[in-house]
Amino acid sequence: MARTSSIKRTTNETNIDLTLAIDGEGKSTLHTGVPFLTHMLDLFAKHGQFDLTIQANGDIEVDDHHTSEDIGICLGHVLREALGDKKGIKRYGNAFVPMDEALAQVVVDLSNRPHLEMRATFPSQKVGTFDTELVHEFLWKLALEARMNLHVIVHYGQNTHHIIEAIFKALARALDEATTIDPRIKGVPSTKGML
(Lines give C-alpha, C1' and ligand atoms only; values in the text may rest on other atoms or scores of the structure.)
Protein backbone atom coordinates (compact mmCIF):
# COMPACT_ATOMS: atom_id res chain seq x y z
CA MET A 1 0.00 0.00 0.00
CA ALA A 2 1.40 3.39 -1.01
CA ARG A 3 2.23 5.61 1.93
CA THR A 4 0.95 8.82 0.39
CA SER A 5 -1.32 11.58 1.62
CA SER A 6 -2.61 14.94 0.41
CA ILE A 7 -4.23 17.96 2.00
CA LYS A 8 -5.94 21.10 0.76
CA ARG A 9 -6.09 23.76 3.46
CA THR A 10 -7.59 27.21 2.98
CA THR A 11 -7.71 30.00 5.54
CA ASN A 12 -8.00 33.78 5.27
CA GLU A 13 -4.18 33.87 5.27
CA THR A 14 -3.08 30.94 3.12
CA ASN A 15 -4.23 28.47 0.49
CA ILE A 16 -2.13 25.29 0.47
CA ASP A 17 -2.30 22.13 -1.63
CA LEU A 18 0.31 19.61 -0.47
CA THR A 19 1.07 15.96 -1.29
CA LEU A 20 3.69 13.72 0.32
CA ALA A 21 4.82 10.24 -0.70
CA ILE A 22 7.03 8.71 1.99
CA ASP A 23 8.42 6.00 -0.29
CA GLY A 24 9.48 8.32 -3.08
CA GLU A 25 12.53 9.17 -5.14
CA GLY A 26 13.38 12.59 -3.70
CA LYS A 27 11.40 14.52 -6.30
CA SER A 28 9.77 17.84 -5.51
CA THR A 29 7.56 20.40 -7.21
CA LEU A 30 7.41 23.40 -4.92
CA HIS A 31 5.73 26.79 -5.21
CA THR A 32 5.63 28.33 -1.74
CA GLY A 33 6.18 32.02 -2.39
CA VAL A 34 8.93 31.88 0.26
CA PRO A 35 12.19 31.28 -1.64
CA PHE A 36 14.39 30.18 1.27
CA LEU A 37 11.72 27.80 2.60
CA THR A 38 11.32 26.39 -0.92
CA HIS A 39 15.07 25.73 -0.99
CA MET A 40 14.93 23.96 2.40
CA LEU A 41 11.92 21.82 1.43
CA ASP A 42 13.64 20.83 -1.81
CA LEU A 43 16.61 19.63 0.27
CA PHE A 44 14.21 17.88 2.66
CA ALA A 45 12.57 15.91 -0.16
CA LYS A 46 15.88 15.00 -1.80
CA HIS A 47 17.65 13.82 1.34
CA GLY A 48 14.63 11.99 2.76
CA GLN A 49 13.79 10.27 -0.53
CA PHE A 50 10.30 11.76 -0.24
CA ASP A 51 8.20 12.96 -3.16
CA LEU A 52 6.76 16.33 -2.20
CA THR A 53 4.43 18.66 -4.08
CA ILE A 54 3.42 22.02 -2.64
CA GLN A 55 1.34 24.78 -4.17
CA ALA A 56 1.03 27.53 -1.57
CA ASN A 57 -0.36 31.04 -1.82
CA GLY A 58 -0.12 33.13 1.31
CA ASP A 59 -0.14 36.69 2.55
CA ILE A 60 3.60 37.12 1.95
CA GLU A 61 3.00 40.82 1.44
CA VAL A 62 2.59 40.88 5.25
CA ASP A 63 5.51 38.53 5.91
CA ASP A 64 6.44 34.84 5.52
CA HIS A 65 5.06 33.76 8.91
CA HIS A 66 1.62 32.43 7.99
CA THR A 67 2.84 30.60 4.88
CA SER A 68 5.77 28.95 6.70
CA GLU A 69 3.62 27.99 9.68
CA ASP A 70 0.78 26.59 7.58
CA ILE A 71 3.10 24.56 5.36
CA GLY A 72 4.49 23.03 8.57
CA ILE A 73 0.94 22.22 9.68
CA CYS A 74 0.09 20.63 6.33
CA LEU A 75 3.33 18.65 6.06
CA GLY A 76 2.89 17.27 9.58
CA HIS A 77 -0.72 16.32 8.84
CA VAL A 78 0.09 14.38 5.67
CA LEU A 79 3.11 12.68 7.27
CA ARG A 80 0.90 11.35 10.08
CA GLU A 81 -1.81 10.26 7.62
CA ALA A 82 0.64 8.61 5.22
CA LEU A 83 2.14 6.55 8.05
CA GLY A 84 -1.26 4.99 8.75
CA ASP A 85 -1.18 2.52 11.66
CA LYS A 86 2.67 2.67 11.78
CA LYS A 87 2.99 -1.11 11.75
CA GLY A 88 6.50 -2.26 10.95
CA ILE A 89 8.17 1.16 11.04
CA LYS A 90 11.49 1.69 12.80
CA ARG A 91 9.84 4.59 14.72
CA TYR A 92 13.12 6.25 15.75
CA GLY A 93 15.55 8.14 13.56
CA ASN A 94 18.81 9.96 14.24
CA ALA A 95 20.97 11.88 11.79
CA PHE A 96 24.05 14.08 11.98
CA VAL A 97 24.61 16.31 8.97
CA PRO A 98 27.58 18.63 8.42
CA MET A 99 27.26 21.64 6.17
CA ASP A 100 30.68 23.21 5.82
CA GLU A 101 31.47 24.59 9.31
CA ALA A 102 28.04 23.73 10.77
CA LEU A 103 26.95 20.43 12.33
CA ALA A 104 23.32 19.64 13.08
CA GLN A 105 21.72 16.60 14.65
CA VAL A 106 18.04 15.68 14.47
CA VAL A 107 16.48 12.86 16.48
CA VAL A 108 12.85 11.84 15.96
CA ASP A 109 10.40 9.48 17.59
CA LEU A 110 7.13 8.89 15.73
CA SER A 111 5.52 8.35 19.11
CA ASN A 112 2.14 10.08 18.75
CA ARG A 113 3.37 12.43 21.51
CA PRO A 114 4.23 15.81 19.98
CA HIS A 115 7.19 17.70 21.36
CA LEU A 116 9.88 19.97 19.93
CA GLU A 117 13.17 20.44 21.73
CA MET A 118 15.39 22.82 19.79
CA ARG A 119 18.93 23.75 20.79
CA ALA A 120 20.02 26.13 18.03
CA THR A 121 21.28 29.67 17.78
CA PHE A 122 21.21 31.53 14.50
CA PRO A 123 23.88 34.25 14.10
CA SER A 124 21.64 36.23 11.72
CA GLN A 125 17.97 37.15 12.08
CA LYS A 126 17.44 36.84 8.34
CA VAL A 127 18.63 34.71 5.44
CA GLY A 128 17.73 36.73 2.39
CA THR A 129 14.20 37.90 3.18
CA PHE A 130 13.45 34.91 5.44
CA ASP A 131 13.14 35.47 9.20
CA THR A 132 15.20 32.74 10.88
CA GLU A 133 12.78 32.56 13.84
CA LEU A 134 10.37 30.90 11.39
CA VAL A 135 12.51 27.74 11.45
CA HIS A 136 11.30 27.09 15.00
CA GLU A 137 7.73 27.95 14.04
CA PHE A 138 7.82 25.55 11.08
CA LEU A 139 9.38 22.69 13.07
CA TRP A 140 7.02 23.11 16.02
CA LYS A 141 3.93 22.96 13.81
CA LEU A 142 5.40 19.99 11.91
CA ALA A 143 6.03 18.09 15.17
CA LEU A 144 2.61 19.01 16.55
CA GLU A 145 0.62 17.88 13.50
CA ALA A 146 2.75 14.79 12.81
CA ARG A 147 2.47 14.01 16.54
CA MET A 148 6.16 13.27 16.77
CA ASN A 149 8.89 13.91 19.27
CA LEU A 150 11.46 16.08 17.48
CA HIS A 151 14.84 17.07 18.90
CA VAL A 152 17.05 19.48 16.97
CA ILE A 153 20.58 20.11 18.19
CA VAL A 154 23.03 22.40 16.41
CA HIS A 155 26.44 21.43 17.77
CA TYR A 156 28.20 24.37 16.15
CA GLY A 157 28.17 26.67 13.15
CA GLN A 158 28.80 30.26 12.11
CA ASN A 159 26.84 30.74 8.89
CA THR A 160 23.08 30.88 9.41
CA HIS A 161 22.27 29.50 5.96
CA HIS A 162 24.58 26.53 6.57
CA ILE A 163 23.08 25.87 10.01
CA ILE A 164 19.49 25.83 8.76
CA GLU A 165 20.41 23.74 5.73
CA ALA A 166 22.09 21.18 7.99
CA ILE A 167 18.93 21.07 10.15
CA PHE A 168 16.62 20.38 7.20
CA LYS A 169 18.92 17.71 5.74
CA ALA A 170 19.25 16.02 9.13
CA LEU A 171 15.47 16.19 9.60
CA ALA A 172 14.98 14.48 6.26
CA ARG A 173 17.47 11.72 7.00
CA ALA A 174 16.13 11.12 10.52
CA LEU A 175 12.56 10.86 9.19
CA ASP A 176 13.70 8.58 6.37
CA GLU A 177 15.15 6.23 8.98
CA ALA A 178 12.16 6.44 11.34
CA THR A 179 9.59 5.78 8.58
CA THR A 180 11.51 2.83 7.11
CA ILE A 181 9.70 -0.50 7.26
CA ASP A 182 11.78 -3.08 9.13
CA PRO A 183 10.68 -6.65 8.26
CA ARG A 184 11.79 -7.84 11.70
CA ILE A 185 9.19 -5.65 13.42
CA LYS A 186 5.85 -7.36 13.84
CA GLY A 187 3.02 -4.93 14.44
CA VAL A 188 3.64 -1.57 16.09
CA PRO A 189 7.06 -0.90 17.71
CA SER A 190 5.70 -0.23 21.19
CA THR A 191 5.04 -2.36 24.28
CA LYS A 192 1.73 -0.46 24.55
CA GLY A 193 0.56 -2.12 21.34
CA MET A 194 -0.20 1.22 19.71
CA LEU A 195 1.40 4.53 18.81
Side-chain angles (χ1 to χ4, degrees), residues 1-11 13-14 16-24 28 30 32 37 40-41 43-45 47-54 56 58 65-95 97 104-120 133-154 164 167-182 185-195:
M1 184 171 137
R3 296 190 298 168
T4 302
S5 181
S6 297
I7 187 172
K8 292 180 190 291
R9 184 176 188 273
T10 301
T11 71
E13 298 163 342
T14 62
I16 297 170
D17 191 343
L18 187 151
T19 299
L20 173 72
I22 292 174
D23 306 305
S28 63
L30 308 171
T32 72
L37 182 61
M40 293 302 105
L41 291 169
L43 297 169
F44 171 81
H47 288 271
Q49 291 298 300
F50 307 126
D51 289 345
L52 180 62
T53 302
I54 302 174
H65 184 105
H66 297 137
T67 303
S68 301
E69 177 182 36
D70 289 3
I71 289 173
I73 289 170
C74 290
L75 183 58
H77 177 87
V78 296
L79 176 60
R80 181 168 44 87
E81 276 203 343
L83 282 169
D85 60 14
K86 300 182 183 174
K87 287 183 179 174
I89 65 166
K90 287 190 173 181
R91 176 180 167 178
Y92 298 99
N94 178 33
V97 169
Q105 179 184 13
V106 173
V107 185
V108 300
D109 176 8
L110 299 174
S111 61
N112 204 35
R113 292 189 308 276
H115 183 79
L116 172 64
E117 194 67 37
M118 188 165 172
R119 307 288 171 90
E133 68 181 11
L134 295 178
V135 174
H136 183 278
E137 195 68 30
F138 173 87
L139 292 172
W140 167 229
K141 293 311 187 308
L142 173 67
L144 190 63
E145 292 298 320
R147 299 195 58 80
M148 69 176 168
N149 192 329
L150 173 58
H151 289 246
V152 177
I153 305 125
V154 174
I164 297 171
I167 289 170
F168 272 81
K169 288 177 176 176
L171 172 66
R173 290 182 176 271
L175 279 173
D176 182 40
E177 181 181 356
T179 59
T180 296
I181 300 292
D182 185 337
I185 297 171
K186 308 304 178 197
V188 173
S190 171
T191 54
K192 294 188 185 82
M194 65 176 289
L195 285 172

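At least one donor-acceptor pair under 3.5 Å links the side chain of Arg91 to the backbone N or O of Pro189. The backbone N or O of Ile16 lies less than 3.5 Å from no partner atom in the side chain of Thr14, so there is not a single donor-acceptor pair. Between the Arg113 side chain and the Asn149 main chain, no donor and acceptor come within less than 3.5 Å of each other.
Side-chain contact between Ile22 and Leu83 is present, with heavy atoms from C-beta onward closer than 4.5 Å. Contact check for Val108 versus Tyr92: no side-chain heavy atoms found under the 4.5 Å cut-off. Looking only at side-chain heavy atoms (C-beta outward), Phe44 and Leu75 come within less than 4.5 Å of each other. Contact check for Leu30 versus Leu37: no side-chain heavy atoms found under the 4.5 Å cut-off. Leu175 is listed as a side-chain neighbour of Leu110, based on a closest heavy-atom distance under 4.5 Å. Two residues are said to be in side-chain contact when any heavy atoms from C-beta on lie closer than 4.5 Å; Met148 and Leu142 meet this criterion. Between Val135 and Val152, the closest side-chain pair of non-hydrogen atoms is not below 4.5 Å.
The residue from Arg9, Lys141, His65 that alone fulfils the side chain to side chain donor-acceptor pair (under 3.5 Å) condition with Asp70 is Arg9.
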Test side-chain hydrogen bond (donor to acceptor under 3.5 Å, both in side chains) on Asn94 and Glu177; report intermediate values, then the result.
CA-CA 7 Å; Asn94 178 33; Glu177 181 181 356; over 6 Å; no
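Interatomic distance, CD1 of Ile185 versus NZ of Lys87, reported as 13.5 Å (0.5 Å rounding).
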